[in-house]
Amino acid sequence: MSITLLQAFLLSLWAFLSGCDRMVEAFFWFRPIIVSTVVGIILGDPVNGAIVGGLTELAFAGLTPAGGAVPPDPVVAGLMGAVFACTGKISPTAAVGLALPFSILMQYIIVLMYMAYTFWMRPFDRKVEACDVKGIVRINIWGTLIAGVAYFIFAFLATYVIQDVIQKAIDRIPAWLMNGFEVAGGVMPALGFAMLLTVMYKTRYLPFLIVGFLAATYLNFTNILPVALIGCSIAMYNYFFGRKETGDNTVMEEGESNVGI
Amino acid sequence: MSITLLQAFLLSLWAFLSGCDRMVEAFFWFRPIIVSTVVGIILGDPVNGAIVGGLTELAFAGLTPAGGAVPPDPVVAGLMGAVFACTGKISPTAAVGLALPFSILMQYIIVLMYMAYTFWMRPFDRKVEACDVKGIVRINIWGTLIAGVAYFIFAFLATYVIQDVIQKAIDRIPAWLMNGFEVAGGVMPALGFAMLLTVMYKTRYLPFLIVGFLAATYLNFTNILPVALIGCSIAMYNYFFGRKETGDNTVMEEGESNVGI
Amino acid sequence: MSITLLQAFLLSLWAFLSGCDRMVEAFFWFRPIIVSTVVGIILGDPVNGAIVGGLTELAFAGLTPAGGAVPPDPVVAGLMGAVFACTGKISPTAAVGLALPFSILMQYIIVLMYMAYTFWMRPFDRKVEACDVKGIVRINIWGTLIAGVAYFIFAFLATYVIQDVIQKAIDRIPAWLMNGFEVAGGVMPALGFAMLLTVMYKTRYLPFLIVGFLAATYLNFTNILPVALIGCSIAMYNYFFGRKETGDNTVMEEGESNVGI
Amino acid sequence: MSEYKDNLITKSDLNAAVWRSIVIQGTFNYERYQGSGWCAMIAPILEKIHSDNKNELRERLKDNSGFFNTQLIMANFLLGLVISLYEKKADRKLINGLRISLFGPLAGIGDSIFWFTLMPIMAGICSSLATKGNIIGPIIYFLVYIGVFALRFFAIRVGYYTGSKSIEKLGAKTGELSTAASILGCTVLGGLIATLVSFQTKATITITDSVSLSIQEAFFDQIIPNFLPVVITILMYVMLKKKVSPTFLILLLLIGSLTLSYFGMV
Amino acid sequence: MSEYKDNLITKSDLNAAVWRSIVIQGTFNYERYQGSGWCAMIAPILEKIHSDNKNELRERLKDNSGFFNTQLIMANFLLGLVISLYEKKADRKLINGLRISLFGPLAGIGDSIFWFTLMPIMAGICSSLATKGNIIGPIIYFLVYIGVFALRFFAIRVGYYTGSKSIEKLGAKTGELSTAASILGCTVLGGLIATLVSFQTKATITITDSVSLSIQEAFFDQIIPNFLPVVITILMYVMLKKKVSPTFLILLLLIGSLTLSYFGMV
Amino acid sequence: MSEYKDNLITKSDLNAAVWRSIVIQGTFNYERYQGSGWCAMIAPILEKIHSDNKNELRERLKDNSGFFNTQLIMANFLLGLVISLYEKKADRKLINGLRISLFGPLAGIGDSIFWFTLMPIMAGICSSLATKGNIIGPIIYFLVYIGVFALRFFAIRVGYYTGSKSIEKLGAKTGELSTAASILGCTVLGGLIATLVSFQTKATITITDSVSLSIQEAFFDQIIPNFLPVVITILMYVMLKKKVSPTFLILLLLIGSLTLSYFGMV
Ligand SMILES: OC[C@H]1O[C@H](O)[C@@H](O)[C@@H](O)[C@@H]1O
Ligand SMILES: OC[C@H]1O[C@H](O)[C@@H](O)[C@@H](O)[C@@H]1O
Ligand SMILES: OC[C@H]1O[C@H](O)[C@@H](O)[C@@H](O)[C@@H]1O
């Protein structure tokens, strides 16, 4: 099944909306589980959309932008995964793997955009100097919309303009490459977590990392909630029964390590 | 099989004995596991008696009178459950469910009795005024025995006088009602535990509730012992290694919250 | 298959080497897993050697000499177990059980040797008085070698001189005796751990014993690592977040209790 | 043991008090709880101490006839403590204040150990035997609780000797022991909620004609096992805090269960 | 609520600020991060306070246009706090110092709760529905995050009232709360490494012609399950600490995976 | 590393001491334990320091020839520490006091790490390979322990530099580290009791002719798995505390096992 112009336009519009949300992290409809489901609805196959969305969401739950990091892009992952699963004869699992390179590509585009937006700080500073309050607000709205447009274009190109090229590439993709992408998708969160660790890790927090790891390894659960409850319990125990800290310096110390990201 | 007058008398006598013990919580032969087994012996079917006793004991282990609360009555639950299982063609599980309304009925009788005994405090205070030491002791013995008599009467009525009425009612009881009683029996401890929580709960104890819950949910054990051992370990750790408290005010604080029940 | 003189000589040589190492605990090739494998190689059956070595290692992991205790001998256990498994038609499990009495015998020989070496302290003190530094070092080397010779002799006797006697004894050994030795092997570490407890146990460490026990009982793991990680986490938590101790007296206290062994 | 020599209260006085402690709840009522029963426990002891002065005796009896409620083993411990203080002619107000301030925390400690920990453990072990029709289950249960009763003789002695030593120390320790007992109690309580409260819905959502989804499996169990029992327990707690009467809540649970059962949802 | 009466800043000013907080990352860039966005959040408020003095306004705007980065709910909390201090005419340097010293720890707290805990939980619950093709999964997800957005209205108020009270206290508490959040965050992080990083080798060692040993099962799984994911995560961490760029590491992982896949080792 | 320059004791002196440490237990005996071996480790160093004064040397050698017992890696650490103090001409009594007060806690730390933690882990990992007949198991075991031996070269250096810094600090830290090691050690010990002590009864109770009840399953396993191993360990502990000799206990276990086996009860 190939994508019609109307569908491509709707997909791109949706990419615009979720791209804006991805930029500002406001309503979280930029998460793959939502993105893919809507894509599925547009393409007339909400069930496969939801399935790919669920799989991608799980794979991307560890790839957070915390500390200003830029992870493989969740919008594009959700978009392309659902497109592959709903239009080709590709299984949802394989679709998740295939979407990965696209999502990494978009990640780099975002990094470039964050760099480009740096140049916007000159006019911004001038507005501050001029006490142009309305302008200060407006510049942030424009920034959001422009990001959305980037997603619109990306989506239109990938799902319509070069869809045949992509389709042909996929038909010829060997098994080991397919498998390789899936493996890469599975191992990628390691980097995300390592980046978190550079922010959060101190020797004295090692025990909690270990406890969380052991709990998740040996308990048989469906979501991370029990581990979070364990963490919560230890945190509360330490808060109520632990040694009181002197406080102030701790704040600074932690503050600084966080700024550096 | 219907109950003979002799059996009914023996059952009532046993209800008297275990009712007294229920009142004063001295020897714990008022617990369902004991009550049912003895009932089974009286009715010539100790095996079914023990089975119902075990099931009822498990269901009632959470329904404690701690803090002066009155739970669904364990003696009547044990008595009626065993009677149903040993005389009718009712399975032990169903018997446990059927006994529940009786046990709730007795619960209300006990509440009334605790109210009635309030009036006894006038003569009691007169004895104190008169320094009648022997009288003070005697009044408590009488209180115990009167409670036992209440159980005697209840048992005689339920197992002999109206046994046919009950039997007929049971024969006509629809499946959903049966199931409903079982469900009610399963959910009842929630109230018992909630009542405990009003006594024991403070925000700082939340972690331990969570840990106990998780341990019981994810470990695969036959009795609560491992959870108790975990609680014990945390308590000891806190005692030996935790922050020392100032003490005195804590005592008062806890004392007061306990009095209020 | 019976053992040739050459093989017996090689086995005894190996017993000498590992016996020296057992005495000084330097390179740990005295552990059963190594001893048995080498014995297997010498007897031309490295596979069975490794198997017996693994089983014996597991059984002996709790039998440590910590605090100067003398456990059933690991060298002899590894040696005799592998000999039985590689030469007779005895299963590796049974071989481990059969080796136990030999290893207990060697344990007593070591105890005697530690007693005998006491008399060596007189010449040693004279060397100290004479400032004979080289002599002080040399006496310790000799002590090591003599221990090795004891192992050499034991091995030569047990594997060559009286091998027929042993073989015949084994042929006639009844099933219950065999089983009894296995059971004894399984229960023996209890003594080892009890000896450790006399050194390490204080009431305030009880929580950790319990936690370790529960973790090992309810988690499903292949080696003790997760329990060690839990212990590590608690220790670190206590170190970083626990109540600071006054220190000095603790040192003494622990020091003294350790000296006493 | 030499302490007994010169003392008025003998070993057998303590033992007699334990036997009287059997009926400490014999007139349990909503005005005094165990107050009248406690008075019966201590009255003969006070009579012996103040045999020469009836007015003094009357005052002391009045002191010991107000509201009182604690766990029963702990009541014996407390009695031993109080007796030793009376003998030492400690200040009357101090004794009474101590008694009143201690019964609450001691109830907490005792209930945590005996009601919330020992009982479910015994229930677990013995019921697993009983439900196989094995009468050894009830027998072990019976014997253990005879042992528990025997602890009263021990507890009254511990109280008696503790009282003879320092009381200040005790005060501080009660706080810490009370915390320890609360930790134990709450941990077990959390475990009991997970094991003894059982509630599952059988409700389903129909997706297509032939496929339907179990709400219990597809939703509640996905959050966390035992989710509904926890929610119901919290609900009960909140309502109790809002002064809803337990009697009403029992009826609510009963009628709720029957109704849901009628509609095939449980 | 009486606080609003005499105050310049009204309820609807706070609400308007929350709506502006939508675009706090609208010009996110590597020089200021959320700095320019934060300025847009606070600018109209400052304009209202300093309507009479343009120079003062300019200074204050400049104060609020530098580097800034925190979790978005926490940004609203902080805004409430800062506003209340401006209103109270607190020292300009103190306000700015506070803002700068707080955003880090607050990011830590907020990220621990929202990114590292809430998100994987929601992912777990909703994905298990979604992967069965059930559209209720995404719907629940959506609704929950609408609720999370609504928290901003709550957060700004909490900040506003906290600021009205004592700030010294807050400082001390931030330290403790930050520790608590780090404990929560690290525990969950440990769990996430075990659940979300997946890597297994298919490599084998050939022993005899017919028998071969899976390295994964015979060695790595013997050490501890999830051994390789941990090792890879630690490796990434070490390289990041050695200033290797994340971009390079992504390529490394990608190419590594493809290569190993080509040789049939994963 | 500059510290070596002006110092009498060189890198190769330290290394030589490590090689001598191989025989620290070469004359292990019940009077001095490792005392005579420790003396051999330190003697050549003392000879170098006091080459000019034989009387002084004799005194120092005597100081170092009494009872001594510690874990072997820790012995090297302690040697480094002591050497640095000798070089600094610290008070003779202080050095000896330190040495005597430290070997106990250091044994606790070292034993917890090496005997009670590392060894069972290695046993677990390598045995699971070995029992499949795979020779890689023993090889890994061997290599790891060569690495452990190499740690001695590291330990002596750490001791040497620590000594050069402050000793007071060390004293305080030893207490805390010792607690940490005890926590680790006891946790693992609890785990080892559950995994390495194995004992199960095969005894049954006959209920009817055809039905019989396994005591192990119906009773002991109902209490808690591994119940009997714990009970036996506690029993052994109590007997050791009552000064029953280990030799006697070994025989007791052996004969007990054989007897029970004879009657088909194990
Ligand atoms: O870490 C603080 C903060 O950093 C970035 O600004 C974003 O990724 C936010 O989502 C995050 O909360
Ligand atoms: O809570 C203290 C105490 O309260 C009531 O008096 C009874 O239920 C006792 O069993 C309980 O121990
Ligand atoms: O306990 C300290 C120490 O005691 C003995 O000397 C030996 O068993 C060593 O292996 C041990 O480390």
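All chains are named by letter (A, B, ...) in the order of the sequence lines, taking the proteins before the strands, and each is independently numbered beginning at 1. The figures that follow rest on heavy atoms only: side chains count, while hydrogens, waters and symmetry mates do not.
- Between the side chains of C/S103 and C/D73, not a single donor N or O lies within less than 3.5 Å of an accepting N or O.
- Contacts between F/Y30 and chain C at a heavy-atom distance below 4.5 Å involve backbone atoms as well as side-chain atoms.
- Considering all non-hydrogen atoms of both residues, C/V137 and F/R20 come closest at CG2-CD, 3.9 Å.
- For C/I104, the part sitting under 4.5 Å from any heavy atom of chain F is the side chain, from C-beta outward, and nothing else.
- Proximity to chain F is limited to the side chain of C/V70, based on heavy atoms less than 4.5 angstrom apart.
- Of all the listed residues (C/Q107, C/M113, C/R122), the one sharing the greatest number of non-hydrogen pairs under 4.5 Å with chain F is C/R122.
- The part of F/R32 that comes within reach of chain C is its side chain, from C-beta onward, which places non-hydrogen atoms under 4.5 angstrom from that chain.
- Heavy-atom distances place no part of C/A215 under 4.5 Å from chain F, backbone and side chain included.
- Annotation: side chain of F/V197 is not in contact with side chain of F/I232 (no heavy-atom distance under 4.5 Å).
- Using a 4.5 Å cut-off between heavy atoms, C/F119 makes no contact with chain F at all.
- Looking at C/Y237, there are no atoms closer than 4.5 Å to chain F (heavy atoms on both sides), in backbone or side chain.
- In summary, the aromatic rings of F/F28 and C/Y114 are positioned with their centroids under 6.0 Å apart.
- Interface remark: F/F116 contributes side-chain atoms only to the contact with chain C (heavy atom separation under 4.5 Å).
- Taking the six-membered ring for Trp and the full ring otherwise, the centers of F/F68 and F/Y33 sit at least 6.0 Å from each other.
- When each of C/T64, C/V227, C/T118, C/V47 is checked for heavy-atom pairs under 4.5 Å with chain F, C/T118 comes out on top.
- Contact count versus chain F (heavy atoms, under 4.5 Å) is highest, among C/G135, C/P65, C/P46, for C/P65.
- Proximity to chain F (any heavy atom under 4.5 Å) is restricted, for C/D125, to the side chain, taken from C-beta onward.
- Only the side chain of F/V230 comes within contact range of chain C, with at least one heavy atom under 4.5 Å from a heavy atom of that chain.
- Taking chain F as the reference chain and counting heavy-atom pairs below 4.5 Å, the highest number among C/E182, C/M188, C/E129, C/R138 is found for C/E129.
- Between C/F28 and F/W115, the ring centre distance stays below 6.0 Å.
- Contacts with chain C were tallied for F/G137, F/A181, F/A123; F/A123 has the most, counting heavy-atom pairs under 4.5 Å.
- Within the 4.5 Å cutoff, the side chain of F/P120 has no heavy atoms near those of the C/N223 side chain.
- Using modelled atom types, one finds a donor on one side chain and an acceptor on the other under 3.5 Å when comparing C/E57 with F/Y141.
- Checking side-chain atoms of F/T201 against main-chain N and O of F/M265 turns up a donor-acceptor pair under 3.5 Å.
- With contacts defined as side-chain heavy-atom distances shorter than 4.5 Å, the pair F/R99/F/L78 qualifies.
- Only the side chain of F/L72 has a heavy atom closer than 4.5 Å to any heavy atom of chain C.
- Ring centroid separation for the pair F/Y237 and C/Y201 comes in under the 6.0 Å cut-off.
- Only the backbone of C/A130 comes within contact range of chain F, with heavy atoms under 4.5 Å apart.
- With a 4.5 Å cut-off on non-hydrogen atoms, C/L214 touches chain F through its side chain but not through its backbone.
- Under 3.5 Å, the side chains of F/W38 and F/N64 contain a donor-acceptor pair of N or O atoms.
- Neither the backbone nor the side chain of F/S128 comes within contact range of chain C; no heavy atoms are under 4.5 Å apart.
- In F/Y262, the OH atom is not crowded: 12 or fewer heavy atoms of neighbouring residues, nucleotides or ligands sit closer than 6.0 Å.
- With chain F as the partner, the residue from C/A190, C/A216, C/A147 showing the most heavy-atom pairs under 4.5 Å is C/A190.
- For the set C/F60, C/Y108, C/W120, C/W29, the count of heavy-atom pairs under 4.5 angstrom toward chain F peaks at C/Y108.
- Contact of F/S112 with chain C is made through the side chain alone, with heavy-atom distances under 4.5 Å.
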